[in-house]
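Predicted model, so just to flag it, every value in this text is computed and none were measured. Indexing begins at 1, ligand by ligand and atom by atom, following the structure's order.
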Amino acid sequence: MITLHDLGDVRRCCDDVRRSGGRVGLVPTMGFFHEGHRSLMRTARVADDLVVVSVFVNPTQFGPGEDLGGYPRDPDGDAAMADAAGVDVLFAPGVEAMYPDGARTTVHVERLTSRLCGASRPTHFDGVATVVTKLFSIVGPCHAYFGRKDAQQLAVVRRLVDDLNLPVEVVGCPLVRDADGLALSSRNAYLDETERRAALVLVRALRDAAHAVHAGERDALVLRDRARAMIGAEPAVRLDYAELVDARTVEPITRVDGAAVLAVAAVVGRARLIDNLAITVTPSGVETDLGAVAEEQRA
Ligand code: PAF
């Protein structure tokens with residue numbers, strides 16, 4: 001594995017592989033890897049000839065008073081994990097390289113960004129959409145791997161790729177959970193033991209919704225309100241939202257039909273956590289997806 005900091009070096013490296021007929025896979029991250037990141041890297045390793053993992057704690061997706069300064073970082077641990085996962089290029093640009101003084105362009109995806117996390121973090125998705133577009137532009141035609149835990153982010157990235165005709169195939173990958181059920185997130189590092197136990201109410205509420213859907217419940221408001229009530233009953237957890245939305249448009253729905261997501265966000269201690277249940281209802285049946293349990297944990 002090589003580590004590159006220079007945007008031009010990454011572009012050349014990707015161009016060289018494509019010129020000789022190879023495929024490029026990009027895993028965009030903000031570092032502090034966990035099994036969720038590693039599963040993206042493994043998926044890319046199987047599908048692509050050159051696997052590029054970007055590590056960039058993107059300042060423009062953090063709002064004032066958010067955790068940019070304290071965001072967990074472990075460059076050496078990340079490099080060791082990426083190397084072990086068979087990554088070819090670790091791309092770790094500096095803030096100055098990504099946002100040279102005078103940068104004036106922002107990518108804004110209408111509508112999909114106004115609800116859920118976009119309502120609580122009004123500048124967040126502009127930051128995400130802008131940095132992801134820049135990464136796609138640097139790396140060029142590729143498969144780009146994103147976890148389904150960030151269901152709204154995935155919908156936003158798919159939309160911007162379509163709208164801007166970017167030569168990128170977005171691959172959504174399974175949400176990964178710890179053995180106790182908590183969705184893996186770099187921000188779980190903020191939780192103490194008591195907070196972590198309290199945070200498990202999120203997955204309990206989603207499991208409850210999955211059971212209800214399999215038992216035949218299709219009323220989105222009933223499902224949403226059950227989740228709100230369960231999470232709201234946990235005193236150490238401040239619910240931000242629990243909404244049932246269309247998976248592609250992120251618009252609220254009243255009946256579950258087609259591909260939907262029950263998305264939840266809550267603040268526990270210092271950590272803002274998100275989680276979701278994917279629900280697909282078709283004439284041939286119903287499927288719910290809570291993700292997979294991690295095989296290994298961070299040492
Ligand atoms: O999901 C993340 O880690 C970030 O939002 C991303 C996609 C790397 C953009 O900074």
Side-chain angles (χ1 to χ4, degrees), residues 7 10 25-41 43-44 51-63 66-68 70-75 78 81-82 85 87 89-95 97-99 103 105-109 112-113 116-118 120-139 142-161 164 166 168-176 183-190 250 261 263 265 271-276 291 298:
L7 281 50
V10 174
L26 168 67
V27 180
T29 82
M30 298 206 299
F32 205 66
F33 296 153
H34 50 65
E35 184 57 20
H37 296 112
R38 286 196 289 191
S39 72
L40 302 179
M41 295 175 203
T43 307
V51 177
V52 180
V53 174
S54 62
V55 177
F56 180 62
V57 181
N58 173 35
T60 65
Q61 68 188 76
F62 292 79
E66 290 187 353
D67 58 341
L68 172 62
Y71 196 83
R73 296 167 204 240
D74 178 10
D78 284 349
M81 278 195 208
V87 168
V89 177
L90 194 67
F91 173 36
V95 175
M98 287 298 277
Y99 295 109
T105 304
T106 297
V107 178
H108 175 72
V109 180
L112 278 81
T113 56
L116 308 184
C117 287
S120 325
R121 307 180 70 194
T123 56
H124 172 67
F125 285 114
D126 284 1
V128 171
T130 304
V131 81
V132 165
T133 305
K134 287 165 75 71
L135 291 168
F136 290 168
S137 158
I138 295 160
V139 168
C142 63
H143 293 129
Y145 299 86
F146 292 85
R148 287 201 279 262
K149 181 174 77 90
D150 296 86
Q152 188 175 14
Q153 170 171 281
L154 182 58
V156 167
V157 171
R158 287 194 194 284
R159 186 78 248 181
L160 81 84
V161 163
L164 301 178
L166 300 180
V168 172
E169 191 181 316
V170 177
V171 183
C173 299
L175 182 159
V176 184
L184 291 183
S185 161
S186 303
R187 289 189 170 98
N188 292 351
Y190 298 152
V250 196
V261 178
R272 185 174 183 284
L273 304 176
I274 58 172
D275 202 342
N276 70 73
R298 192 177 183 93

Fill in: Candidate pair Y71 and F32, rule ring pair (Phe, Tyr, Trp, His ring centres under 6.0 Å), full reasoning
CA-CA 9 Å; Y71 196 83; F32 205 66; 7.9 Å; no

N or O contacts of ligand 1 with protein under 3.5 Å, please list pair by pair.
residue: ligand 1; atom: 1 (O); partner: Q153; partner atom: OE1; Å: 3.4
residue: ligand 1; atom: 1 (O); partner: Q153; partner atom: NE2; Å: 2.9
residue: ligand 1; atom: 5 (O); partner: Q61; partner atom: NE2; Å: 3.0
residue: ligand 1; atom: 5 (O); partner: Q153; partner atom: OE1; Å: 2.7
residue: ligand 1; atom: 10 (O); partner: Q61; partner atom: OE1; Å: 2.6

Solution key, residues 127-136 side-chain donor-acceptor pairs under 3.5 Å, sequence neighbours excluded:
residue: T130; atom: OG1; partner: V107; partner atom: N; Å: 2.8
residue: T130; atom: OG1; partner: D126; partner atom: O; Å: 2.6
residue: T133; atom: OG1; partner: A129; partner atom: O; Å: 2.6
residue: K134; atom: NZ; partner: M98; partner atom: O; Å: 2.7

Worksheet item: Which residues pass the side chain to side chain contact (heavy atoms under 4.5 Å, CB included) test with R158, sequence neighbours left out?
Response: L154, V170

Worksheet entry | Residue pair D78 / T29, side-chain heavy-atom distance below 4.5 Å | no

Practice prompt. With the side chain counted from C-beta on, respond yes when F56 and P28 share a heavy-atom pair under 4.5 Å apart, and no when they do not.
Written response: no

Response to the item:
The complete set of side-chain hydrogen bond (donor to acceptor under 3.5 Å, both in side chains) pairs with one or both residues in residues 142-153, sequence neighbours excluded, reads D48-H143, D48-Y145

